[in-house]
Student: 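Sending over a structure as structure tokens; questions will come in a sec.
None of these values were measured; they are calculated from a predicted model. Each ligand, and each atom within it, is numbered from 1 in the order the structure gives.
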Amino acid sequence: MNTNIITIDGPTSSGKNSVGFLLSQKLGYQYIDTGMIYRVGTYLVLKQNINLNDVLQITGIFKDLNLEIKKSNGGLIILNNGADLTSQLHSKEVTDAVSKVAAYKEVREVTKLIQRKLGVLENTVMTGRDIGSEIFPEAKHKFYLTADVKVRAKRRFDQLVKLDSTVQYEDVLNSMIERDKKDSIREVSPLRIPEGAVVIDNTSLNIEQTVSEVLKHIHV
Ligand code: DC
């Protein structure tokens with residue numbers, strides 16, 4: 001592999017996406033948030049009314065993806081066959097279905113190829129759940145971000161309440177505990193600390209401080 005890959009894994013709202021983006025800016029690397037790939041596939045599955053138990057058809061959707069992930073206006077956008085699907089990815093329907101879709105071994109085999117292809121094109125920061133363990137186990141720099149679940153739930157709550165003032169913190173916390181459990185106990189590629197990863201607990205760090213902590217371990 002001729003490109004540098006920095007992998008960042010961690011549970012939901014551990015700050016990996018903000019950290020990954022800022023880190024990529026500082027290093028002049030491309031940034032790939034792999035959650036977007038699972039979300040785009042899941043959005044298309046739902047749009048085509050495919051049954052969530054129909055692994056063959058679901059895998060077919062992922063095989064047909066033709067993705068481009070790029071920076072735009074201080075964030076990431078994702079295009080499939082040239083169509084920008086970014087605004088569709090965080091609906092309740094997609095968020096509810098994506099864990100189930102992402103748990104299929106067949107889906108993960110296809111997304112692995114997509115992620116490897118994207119990562120070898122240029123120097124890359126890639127974030128997800130299994131990047132350092134399954135997708136680029138050979139990466140020189142691997143990180144695992146985490147934070148207390150109550151702090152992560154508060155971060156998520158602060159984002160959600162801007163969109164819907166009726167959201168309750170307790171509900172966000174409970175759903176986060178549930179999602180952590182699902183992502184950690186699934187049979188295929190469960191969320192875990194990759195071998196050789198530096199663990200950073202950012203319970204009391206902001207994004208800038210977390211990036212500084214990451215940079216202390218990187219020599220490019
Ligand atoms: O990071 P996120 O919430 O956008 O990810 C969406 C879902 O996709 C989440 O339920 C876990 C799954 N996912 C995964 O299994 N592996 C990845 N590398 C990235 C995301």
Student: What protein heavy atom lies closest to atom 1 (O) of ligand 1? Include the residue and the distance to one decimal.
Tutor: Arg129 NH1, 3.0 Å
Student: Tell me which one of Gly35, Gly128, Ala97, Gly41 gets a heavy atom nearest to atom 20 (C) of ligand 1.
Tutor: Gly35
Student: Does Phe136 have Lys142 sitting over its ring (NZ/CZ under 6.0 Å from centre, angle to axis within 45°)?
Tutor: no
Student: List ligand 1 atoms under 4.0 Å from Arg108, heavy atoms only on the residue side.
Tutor: 14 (C), 15 (O), 16 (N), 17 (C)
Student: So Lys105 and Glu187, side chain to side chain contact (heavy atoms under 4.5 Å, CB included) or not? Walk me through it.
Tutor: CA-CA 9 Å; Lys105 178 166 71 59; Glu187 272 175 40; over 6 Å; no
Student: Between Tyr104 and Thr59, is there a side-chain donor-acceptor contact under 3.5 Å, judged purely by atom types and distance?
Tutor: no
Student: If the contact criterion is a heavy-atom separation under 4.0 Å, does Met36 count as touching ligand 1?
Tutor: no
Student: Is it the case that atom CD in Glu208 sees more than 12 heavy atoms from other parts of the structure closer than 6.0 Å?
Tutor: no
Student: In terms of residue, atom name and distance, what is the protein heavy atom nearest to atom 19 (C) of ligand 1?
Tutor: Thr34 OG1, 3.4 Å
Student: For ligand 1, which atoms have a heavy atom of Arg179 less than 4.0 angstrom away?
Tutor: 3 (O), 9 (C), 10 (O)
Student: How far is atom 6 (C) of ligand 1 from its nearest protein heavy atom, and which residue and atom is that?
Tutor: Arg39 NE, 3.7 Å
Student: Hey, is Lys216 close enough to Glu213 for a salt bridge, meaning N to O under 4.0 Å?
Tutor: yes
Student: Any idea which atoms of ligand 1 are less than 4.0 Å away from a heavy-atom of Asp130?
Tutor: 18 (N)
Student: Please list, in number order, the atoms of ligand 1 under 4.0 Å from a heavy atom of Ala102.
Tutor: 12 (C), 15 (O)
Student: Taking Arg129 as the fixed residue, which of Asp183, Asp33, Asp9 is the one that meets the salt bridge (charged side-chain N to carboxylate O under 4.0 Å, His left out) rule?
Tutor: Asp183
Student: Below the 3.5 angstrom mark, is there an N/O of Ser99, backbone or side chain, next to an N/O of ligand 1?
Tutor: yes
Student: Might you confirm whether atom CD of Gln168 has over 12 heavy atoms from other residues, nucleotides or ligands at distances under 6.0 Å?
Tutor: no
